[in-house]
Amino acid sequence: MRKHKIEVLAPAGGPEALRAAVFAGADAVYLGGPAFGARAHAKNFTLEELKEAVRFCHGRDVRVHVTVNTLLKDSEIEEALRLVSALCEMGVDVVLVQDMGLFSLLRDRAPALPIHASTQMSLHTPGGAKLLYEQGAERVVLARELSLSEIREISENCPVELEAFVHGALCMSLSGQCYFSAMLGGRSGNRGMCAQPCRLPFSAPGGTGHDLSLKDLSFLQEIERLQEAGICSAKIEGRMKRPEYVAAAVSACRRAADGETVPVELERNLEAVFSRSGFTKGYLTGQRGQDMFGVRTKEDVTDATEQVFSDLRQLYRGERQKVPVSLMLRTAGEKLLLTAIDHAGNRGEAGLPLQAGEYPLLSRERCESQLRKTGGTPFFVETVNLPEQGVSAGVSQLNALRRQALEQLLDERSQREPIPFRQEKVEIPARCREESGKKIRAYFRSPEQVCREALQCESIALPLDTHIEALYRLKEKGFSRILLEQPRVFFGGEKRVRSLMTSRMEAGFREFVAGNLGGLWIGKELGAVLHGAFGLNIFNTAALEYFKELGLSTAELSFELTGREAAALGGSLPRGIMVYGRQALMVTRNCPLANSKKGCLHCKTPGCLTDRMRKQFPVLCTGSGAARYAEVLNSVPLWLGNGVLDSGALDAVDFGLFRFTVENSVESGRILSTFFRQKTPDFDYTRRLFSKGVK
């Protein structure tokens with residue numbers, strides 16, 4: 001078990017929130033620059049403001065993490081690298097990254113730059129943490145959905161640093177796997193533009209009418225247990241929140257991390273300044289269900305009175321004296337000199353001319369008392385070294401010496417050596433194809449959905465836990481190439497996934513579909529043939545090339561790309577896009593259908609959510625036990641038939657993919673037949689993201 005003092009990591013959506021975080025006691029802050037941060041609607045920082053923020057924080061022994069954690073298009077890669085180059089010049093402590101293409105480029109261009117894997121990478125298994133650690137990530141930010149025992153399992157199996165959220169907003173979906181905002185309004189959560197449609201009315205049978213809205217999480221009372229489980233950093237959500245909220249959350253977290261009791265009044269004010277019907281710790285304890293749901297009520301809003309805000313402003317009115325210094329006062333020739341030294345050896349020095357006989361002799365005790373008055377600075381005095389006989393000086397002279405020496409020390413502490421960054425133009429390799437023509441793959445949720453029309457597909461895919469005998473029967477019917485798809489997520493289920501893959505490989509099935517980094521890790525270890533699913537969020541050429549290095553044989557591109565953007569990608573890894581299917585807009589560990597008095601319904605058939613426009617979104621339950629999860633599907637399927645694949649927009653795509661979810665075998669066969677015959681379908685469909693893309 002690692003031994004460490006847990007870090008308090010605070011959000012800073014703008015300069016005022018930054019001061020609130022630092023003065024309230026944060027060890028580190030995370031903030032966004034002018035672009036490519038997962039909170040594009042926060043105030044964020046210009047490059048000049050960032051530079052000043054880094055100096056401000058470093059002078060006060062606070063680390064600075066900068067978010068560059070959105071998915072990037074090929075046309076944005078150069079700009080993102082220029083931003084990170086500027087951050088390296090400033091000497092930031094960490095850059096947070098989601099995009100695997102950017103991750104690979106930064107490991108090459110700036111190997112000394114510490115990179116943290118954003119929670120947008122959907123990290124929830126030991127294998128996913130191991131993969132990123134081996135690729136050079138210093139820390140991974142874990143998914144909010146993990147239980148304490150699952151966090152401990154990751155910690156015990158991988159030496160990478162682990163960061164976990166301890167307070168703040170809780171998305172319904174696993175971070176990095178929500179496409180709701182993109183589909184409904186073209187504003188991608190994976191690109192920092194989430195419009196939070198989940199907070200709008202979505203109704204489940206027997207639910208409250210807001211069945212995609214969770215309470216905010218608060219694990220402040222569990223910080224010690226998180227630390228014992230291997231967490232090194234306690235992260236507070238809230239880059240779009242007010243400075244008063246930041247100060248309240250940081251102050252409470254600081255006290256909890258230091259082993260102190262959080263005052264009841266502070267807890268009350270923290271809930272008053274922002275909550276959604278209170279807080280939840282259901283994921284950490286494994287007690288999921290109706291108690292986790294909540295909305296922002298009128299009472300929640302009115303509790304945030306001006307008196308509450310006024311009280312919270314007191315938490316960051318002035319400097320927090322946390323930096324120890326040693327002071328040495330001496331005479332040198334005709335000068336009185338004061339030197340301030342910190343633990344890192346940084347020095348500040350100030351001198352005044354001695355004026356013999358002008359001032360009375362001040363005793364050592366009086367000198368020390370005066371020099372220890374460091375209020376209004378981030379310093380406190382550990383030791384004072386003084387001449388044995390005292391000094392002939394005025395109080396105002398000592399005050400001036402102390403002020404000048406500490407100002408110089410603060411400036412010295414604010415300096416950082418730039419991190420080396422190799423400037424080099426990104427060369428996008430030309431598209432390399434081994435063969436022409438497009439192929440079709442059909443993915444089914446169960447063997448019962450498989451139709452004879454699928455024999456025209458180059459392969460079919462079924463869930464990993466499909467019984468081996470059912471797979472053999474399909475082989476006998478002529479389905480010679482069968483891929484087995486891992487679960488989208490498998491919290492605490494890595495051993496079961498590994499066991500299922502091993503048994504299927506022994507039975508002769510060696511091709512698998514991985515939709516998360518943990519699944520990719522297992523497949524690499526077992527020597528399987530791996531195909532990437534859309535959950536890997538492959539958005540640019542650099543990501544395609546990197547996933548090829550990591551072992552993928554083919555990859556499904558993100559369905560947030562337009563057809564032309566997908567076609568323009570270079571590189572040699574065969575790639576495809578979804579041609580038909582109800583896109584999975586959300587994957588969640590707390591099923592929205594469980595927001596009723598009955599709790600989990602243990603659905604045998606798909607349920608549904610209904611929005612304000614009376615559109616219905618199917619909900620599928622997958623898995624069992626702790627690894628169970630739900631997917632919310634789009635109200636209408638994607639359809640790229642009627643010659644769209646041959647329109648010229650997708651010349652460089654190698655295969656099209658059908659995902660059958662709620663269809664039976666007859667419906668699946670009719671849809672495939674319609675596509676192969678290039679007929680117009682008799683159902684409503686969408687091409688929104690394919691044609692319009694996302695912001």
| said: Using ring-ring contact (aromatic ring centres under 6.0 Å, His included), reason through F490 and Y629 one step at a time and then give a plain yes or no. | reply: CA-CA 8 Å; F490 39 90; Y629 65 92; 9.2 Å; no
Results of side chain to side chain donor-acceptor pair (under 3.5 Å) for [X] - residues two or more places apart only:
X: T502; result: none
X: N69; result: S118
X: Y443; result: none
X: H167; result: S218

| message | Is it the case that the side chains of E150 and S147 hold a donor-acceptor pair, with the cut-off being a distance below 3.5 Å and no angle test? | response |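 Looking only at side-chain atoms, E150 and S147 do form a donor-acceptor pair, the distance falling under 3.5 Å.
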Answer yes or no: is there a side-chain heavy-atom contact under 4.5 Å between [X] and [Y]?
X: L142; Y: T119; result: no
X: L633; Y: L585; result: no
X: L226; Y: F219; result: yes
X: F421; Y: V84; result: yes
X: Y179; Y: N190; result: yes
X: D216; Y: L170; result: no
X: M193; Y: T70; result: no
X: L561; Y: L569; result: yes

| message | Going by side chain to side chain contact (heavy atoms under 4.5 Å, CB included), E631 matches just one of Q583, R488, M586. Which one? | response | R488
Where is the tightest heavy-atom contact between [X] and [Y], given as atom of each residue plus distance?
X: R276; Y: A169; result: NH1-CB, 4.0 Å
X: L544; Y: L573; result: O-CD2, 3.5 Å
X: R431; Y: P574; result: NH2-CA, 4.4 Å

| query | Should H116 and Y30 be marked as a side chain to side chain contact (heavy atoms under 4.5 Å, CB included) after you check the CA-CA gap, both sets of side-chain angles, and the distance that decides it? | reply | CA-CA 11 Å; H116 290 182; Y30 66 101; over 6 Å; no
Between [atom1] on residue [X] and [atom2] on residue [Y], distance to nearest 0.5 Å:
X: L174; Y: L146; atom1: CG; atom2: CG; result: 9.0 Å
X: S459; Y: I482; atom1: OG; atom2: CD1; result: 10.0 Å
X: L87; Y: H65; atom1: CG; atom2: NE2; result: 13.0 Å
X: S233; Y: I6; atom1: OG; atom2: CD1; result: 7.0 Å
X: T125; Y: K495; atom1: OG1; atom2: NZ; result: 13.0 Å
X: I77; Y: D99; atom1: CD1; atom2: CG; result: 5.5 Å

| said: Can you confirm whether E224 is buried at CD, in the sense that more than 12 heavy atoms of other residues, nucleotides or ligands lie under 6.0 Å from that atom? | reply: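 Counting neighbours around CD of E224, 12 or fewer heavy atoms of other residues, nucleotides or ligands fall under 6.0 Å, so no.
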| task | Determine the interplanar angle of the F559 and F534 rings, folded into 0 to 90°, and report it as parallel if under 30°, tilted if 30 to 60°, perpendicular if over 60°. | result |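 F559 and F534: tilted rings.
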Is it true that [X] and [Y] make a salt bridge, defined as a side-chain N closer than 4.0 Å to a carboxylate O?
X: R504; Y: E511; value: no
X: E237; Y: R144; value: no
X: E145; Y: R589; value: no

| request: Could you check H124 against I154 for side chain to side chain contact (heavy atoms under 4.5 Å, CB included), going step by step and ending with a plain yes or no? | output: CA-CA 8 Å; H124 63 285; I154 295 172; 5.7 Å; no
| Quiz item: cation-pi between K215 and F293, 6.0 Å / 45° |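 No, K215 and F293 do not form such a contact.
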| query | How far apart are the C-alpha atoms of E494 and I522, what are their side-chain angles, what is the distance that settles it, and do they pass the side chain to side chain contact (heavy atoms under 4.5 Å, CB included) test? | reply | CA-CA 8 Å; E494 186 171 275; I522 298 172; 3.5 Å; yes
So, using ring pair (Phe, Tyr, Trp, His ring centres under 6.0 Å) as the criterion, who are the partners of [X] when residues are at least two apart?
X: F165; answer: none
X: H531; answer: none
X: F202; answer: F180, F617

| said: Show, in sequence, the C-alpha distance, side-chain angles and deciding distance for S213 and R199, and conclude whether the side-chain hydrogen bond (donor to acceptor under 3.5 Å, both in side chains) test is met. | reply: CA-CA 5 Å; S213 181; R199 303 297 182 184; 2.9 Å; yes
| Residues T541, D74; criterion side-chain hydrogen bond (donor to acceptor under 3.5 Å, both in side chains); working and verdict | CA-CA 7 Å; T541 301; D74 272 357; 2.7 Å; yes
| task | Under the salt bridge (Lys or Arg N to Asp or Glu O under 4.0 Å) rule, collect the residues that match up with K524, sequence neighbours excluded. | result |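 If we apply the salt bridge (Lys or Arg N to Asp or Glu O under 4.0 Å) test to K524, skipping adjacent residues, there are no hits.
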| request: Under the salt bridge (Lys or Arg N to Asp or Glu O under 4.0 Å) rule, collect the residues that match up with R510, sequence neighbours excluded. | output: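 Expected list: none.
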Check: [X] side chain, [Y] main-chain N or O, donor-acceptor pair, under 3.5 Å:
X: Q177; Y: G535; result: yes
X: R582; Y: N634; result: yes
X: T588; Y: A630; result: no

| message | Filter on side-chain hydrogen bond (donor to acceptor under 3.5 Å, both in side chains), then keep only pairs touching residues 101-110, sequence neighbours left out; what's left? | response |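 Applying side-chain hydrogen bond (donor to acceptor under 3.5 Å, both in side chains) to every pair that reaches into residues 101-110, excluding sequence neighbours, yields D108-R422.
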| field | CA sep, side-chain torsions, deciding dist, call: M505, F512, side chain to side chain contact (heavy atoms under 4.5 Å, CB included) | value | CA-CA 10 Å; M505 291 177 73; F512 300 89; 3.5 Å; yes
What pairs of donor and acceptor atoms, side-chain ones from residues 126-136 against any protein atom, are under 3.5 angstrom apart with sequence neighbours left out?
| residue | atom | partner | partner atom | Å |
| --- | --- | --- | --- | --- |
| Q135 | OE1 | Y546 | OH | 2.6 |

| message | salt bridge (charged side-chain N to carboxylate O under 4.0 Å, His left out) for E76 and R191? Distances and angles first, verdict last. | response | CA-CA 12 Å; E76 299 168 328; R191 288 172 55 76; 2.8 Å; yes
| request: Determine, step by step, whether E228 and R152 satisfy the salt bridge (charged side-chain N to carboxylate O under 4.0 Å, His left out) criterion, reporting the C-alpha distance in whole Å, the side-chain angles of both residues, the deciding distance to 0.1 Å, and the verdict. | output: CA-CA 8 Å; E228 291 171 352; R152 185 176 291 109; 5.6 Å; no
| request: Sorted by first residue and then second, give each salt bridge (Lys or Arg N to Asp or Glu O under 4.0 Å) pair with at least one member in residues 538-557; sequence neighbours left out. | output: E556-R659
